[in-house]
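These numbers come from a predicted model, not from an experiment.
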Amino acid sequence: MDLEAEFERTVAAEHRVEPRDWMPDGYRKTLVRQIAQHAHSEIIGMQPEGNWISRAPSLRRKAILLAKVQDEAGHGLYLYAATETLGADRGLLTENLISGRQKYSSIFNYPTLSYADVGTIGWLVDGAAICNQVPLCRTSYGPYARAMIRICKEESFHQRQGYELLMTMMSGTDAQRAMVQESVDRFWWPSLMMFGPPDAESANTEQSMKWRIKRNTNDELRQKFVDMTVPQAEKLGVTLPDPLLKWNPERGHHDFGQPDWDEFWQVVGGNGPANAQRVAHRRKAHEDGEWVRAAAAAHAAKRTRTKESAA
Amino acid sequence: MSFDNAYESLIDQEDAHWAFGTGFTESLAGVDRAVPATADRADLFAYCLMLGDDALVLSQRLAEWCSRAPELEEDVALANIALDLLGQARLLLTRAGEVEGRGRDEDALAYLRDEREFRNVHLAEIECGPLAGGDFATTMARLLVFSSWKIAQYQRLRAFVDPVVAAIADKGLKELAYHRDHAAQWVVRLGDGTDESHARMVAGVRRVWPYVDELFTADPVEQRLDVDPAAFRSEVDDVLAAVFAAAGLERPDPVPAARVNGRAGRAGVHTEAMGYLLAEMQHLHRSLPGAKW
C-alpha cells in the first residue's frame, strides 16, 4: 500500500493522524515547528502579564492574574508534550527558543505599561488567539487537536476575565477610562498583526491548508476577528483607533485599515520593543535552573541505583 | 459551550461568579460569622492580621518566581502555592475587617495599611530568591520551615475561639500539607543531588535559620488568646529533623536574629526588605484613589 496516498486520504477525509501513523517528513516538521512556536508563545506570554502580578490593584485581581499566568505555563507544558509525540525534545526546543532559532507570537514583544493592559491582553490578544486556535481543535494531528480543545476552553475563560476587568474599569473613574482607551489604542494594531501577514505574503499557508493543519487563511481570520470585536468595543465604550473602520453592508463585513506591516516585520525580525528582554528573561530562568535540574536527575539516579542493589 | 465564536456569551453573562468571585460564602458555608463574645475584639482583630499578613506576604514573595522557575512544572507548582496562600490571606483579612467592625475589607487592609501596621513574621518577608537574597534552595528551605510551622499552628486553631478562623485553618491545612510535602521533597533532592545543590541547600537553611526563633516567640496578643506558638516548637523541630536527616543535612545551631528593642514582625517592626515589598504591592492601588477594580 502506498503510505503517502493513505495519509492523503486520511487527511482529506478529515480523519485524525495519530503519533504512530506514517506521515510525510514535511508534515512532521511543519507540525513540530508550529506546535513548538505555540508552546514558546505560551511561555514567553507569561512575562508581559506576569509583569503586573506583584502590583495587581486588588487581591481578587492578583488571584485572577496569577491563576492565568499559571495556566499559560500549563498550556506550554501540554504543547511541548504534543511535540514529543512527534519525536521532538523539550530541552532542544527550549534551546531553539533561547537561542532565537525558533519564534513565538510577536505580540509578546510589546510591553505592558498599565494595568489596563492585563484586561486588553485578555480581550483582544486572547480573543485573537482564540480565533486562530479554535479551528485548530479540528486540525489533522490528533494530539495537537486534543490539546487545543482544552487550551481553547481556558483561553476563552481568560478572555472573559480580561473583558470583565475592562468593563469594571470603564465603570470606575475618568482616569481608569482613559487608561483603558490608551491601552486599546496601543494593542489594537498589534492584535490585528497576530493573524500573520496578508495571504499574498504568507509563505506557509497553502501547504498547511492542504494538510488540514491550518483551516483558514490569515485574512479570513483577521476579518472574523474585526467583525466580532466591533460590537464588543461599542458595548465597552471604547473607540478602536482606525478611521477606516466601518460596516460594509454589501460585503456583510467591516472594512478596516491595514496595520503597519513594516513594524510587523521589524518585530518579527527581532527588533521589537521587548524581543531582547523576553528572550533574555527566559534564558536566565533556564540557565539559573540548570543546577536544580541536574540535582533532581542525580538524586533520581541515586535512588534507582539504591533500589536496584536492594532488589 | 461552543467555541466557534470567541465572543459568544461575552456580553450576555455578566455574572461575577465565574471570575473567582469572592468565593467566601462557598468555602465557609454554614460557619457562624458573629464575632464571639468571649474573645477580646482588638486582640482577635490583631491576630487575624498576623495570620493574614503571614500568608499574604509569603504569597507575594513566592509569586516573584512566576516565569523564573527552574522547570515549567515548578512554575505551575509555585504559582499554585502562592495562590493557596493568597486565598488564605483573603479569608483572614476579610475576617479581620469584620471583627474590627469599621468597614475595612481585604483590600483596605492589604493596600492601605503602612509597614508598621503589618504583623507578619520576618520569615515571610525576607528575600529568598529568585531575586537577591537567595535561590531555589533558599526558597525551599523557607517554604519547608514556614509550612511546617503553619501546619502545627493551624492544627491547634481548629479549636480556636473564633469559628471563622477555625474553619479557615481547617481548610488551609490540606493546602499546607501539600506545600510542606513539595518543599520537603525538594530539600531532600537538593540535599542529596550534587555537590553544588548540597552546598546551596546548606546555605539556604543557614539563610533562613536566624528567623526561626521568632516563629515560636509569643506576642502578648497570642498569649492572651491562648495560642502561644512555643507550645508546638518541639513538634515542628521533629518534622524538620526528619526532613534534614533524609536530605543529609545538619541542622544549624540556633542563632536567632536579635530583635529591635525586643520587637519584631508581630509588633510591626520589620526587616528593610518589607518597605520595598509593600511599595511595589501597594503602589497602583494607592495611586488611583476611588478606582474600581
Distance-only donor-acceptor check, side chains B/Asp75 and A/Gln70, under 3.5 Å | no

Option in A/Glu72, A/Met46, A/Gln176 with maximal non-hydrogen atom pairs under 4.5 Å from chain B | A/Gln176

Looking only at heavy atoms, which two atoms of A/Ala63 and B/Leu83 are closest? And how far apart?
-> O-CD2, 3.4 Å

Might you point out which heavy atoms bring A/Ile53 and B/Ala63 nearest each other, and give the distance in Å?
-> CG2-CB, 3.9 Å

Contacting region of A/Val292 [heavy-atom separation from chain B under 4.5 Å] | both

When only pairs under 4.5 Å are counted, which of B/Leu93, B/Val188, B/Val76 shares the most heavy-atom pairs with chain A?
-> B/Val76

Heavy-atom side-chain proximity of A/Asp288 to B/Asp135 below 4.5 angstrom | no

Chain B contact via A/Arg90 - side chain, backbone, both or neither, heavy atoms under 4.5 Å | side chain

Check: A/Pro57 main-chain N/O paired with B/His285 side-chain donor or acceptor under 3.5 Å = yes

State the CG-CD distance between A/Leu77 and B/Glu73, to the nearest 0.5 angstrom.
-> 4.5 Å

Axial cation check for A/Trp291 ring with B/Arg200, 6.0 Å and 45° limits = yes

Heavy-atom contact with chain B under 4.5 Å, split by part of A/Arg55 = both

Quick one: do A/Lys302 and B/Asp192 make a salt bridge, cutoff under 4.0 Å?
-> yes

Is the number of heavy atoms from other residues, nucleotides or ligands under 6.0 Å of B/Tyr276 OH greater than 12?
-> no

Minimum heavy-atom separation for A/Ser54 to B/Gln60, with atom names?
-> O-NE2, 3.0 Å

Of all the heavy-atom pairs spanning B/Tyr111 and A/Ser58, show the shortest one and how long it is.
-> OH-C, 3.2 Å

Region of B/Ala291 in contact with chain A, defined by heavy-atom distances below 4.5 Å | both

At a heavy-atom separation under 4.5 Å, does A/Lys62 approach chain B through its side chain, its backbone, both, or neither?
-> both

Most heavy-atom pairs under 4.5 Å with chain B, out of A/Ala295, A/Ala298, A/Gly172, A/Gly289, belong to A/Ala295

Out of B/Ser287, B/Ser67, B/Ser197, which one racks up the most heavy-atom pairs below 4.5 Å with chain A?
-> B/Ser67

Under 6.0 Å from the CZ atom of A/Arg303, do we count more than 12 heavy atoms belonging to anything else shown?
-> no

Interface moiety of B/Asp195 toward chain A, non-hydrogen atoms closer than 4.5 Å = neither

Greatest number of heavy atom pairs closer than 4.5 Å to chain B - which of A/Gln47, A/His286, A/Met169, A/His281 = A/His281

Is A/Arg61 salt-bridged to B/Glu106, cutoff N-O under 4.0 Å?
-> no

Let me know if A/Leu236 has heavy atoms under 4.5 Å from chain B in its side chain, its backbone, both or neither.
-> neither

Under 4.5 Å from a heavy atom of chain A, the part of B/Leu86 involved | side chain

For B/Ala69, is it the side chain, the backbone, both, or neither that has a heavy atom closer than 4.5 Å to a heavy atom of chain A?
-> backbone

Tell me, for B/Phe136 versus chain A, whether the close heavy atoms (under 4.5 Å) come from the side chain, the backbone, both or neither.
-> both

Counting heavy-atom pairs under 4.5 angstrom with chain A, the leader among B/Thr194, B/Asp107, B/Leu190 is B/Asp107

Let me know if B/Leu78 has heavy atoms under 4.5 Å from chain A in its side chain, its backbone, both or neither.
-> neither

Side chain / backbone / both / neither for B/Trp186 at chain A, heavy atoms under 4.5 Å | side chain

Could you give the distance from CD1 (A/Ile43) to CG (B/Leu72), rounded to the nearest 0.5 Å?
-> 4.0 Å

Chain B contacts, top residue of A/Tyr80, A/Trp52, A/Tyr115 (heavy-atom pairs, under 4.5 Å) = A/Tyr115

Chain A contact residues among residues 277-284 of chain B, heavy-atom distance under 4.5 Å = B/Glu280, B/Met281, B/Leu284

Proximity breakdown for A/Ala175 and chain B, heavy-atom pairs closer than 4.5 Å = side chain

For A/Thr168 and B/Lys292, what are the C-alpha separation, side-chain angles and deciding distance, and is it a side chain to side chain donor-acceptor pair (under 3.5 Å)?
-> CA-CA 6 Å; A/Thr168 304; B/Lys292 281 175 68 176; over 6 Å; no

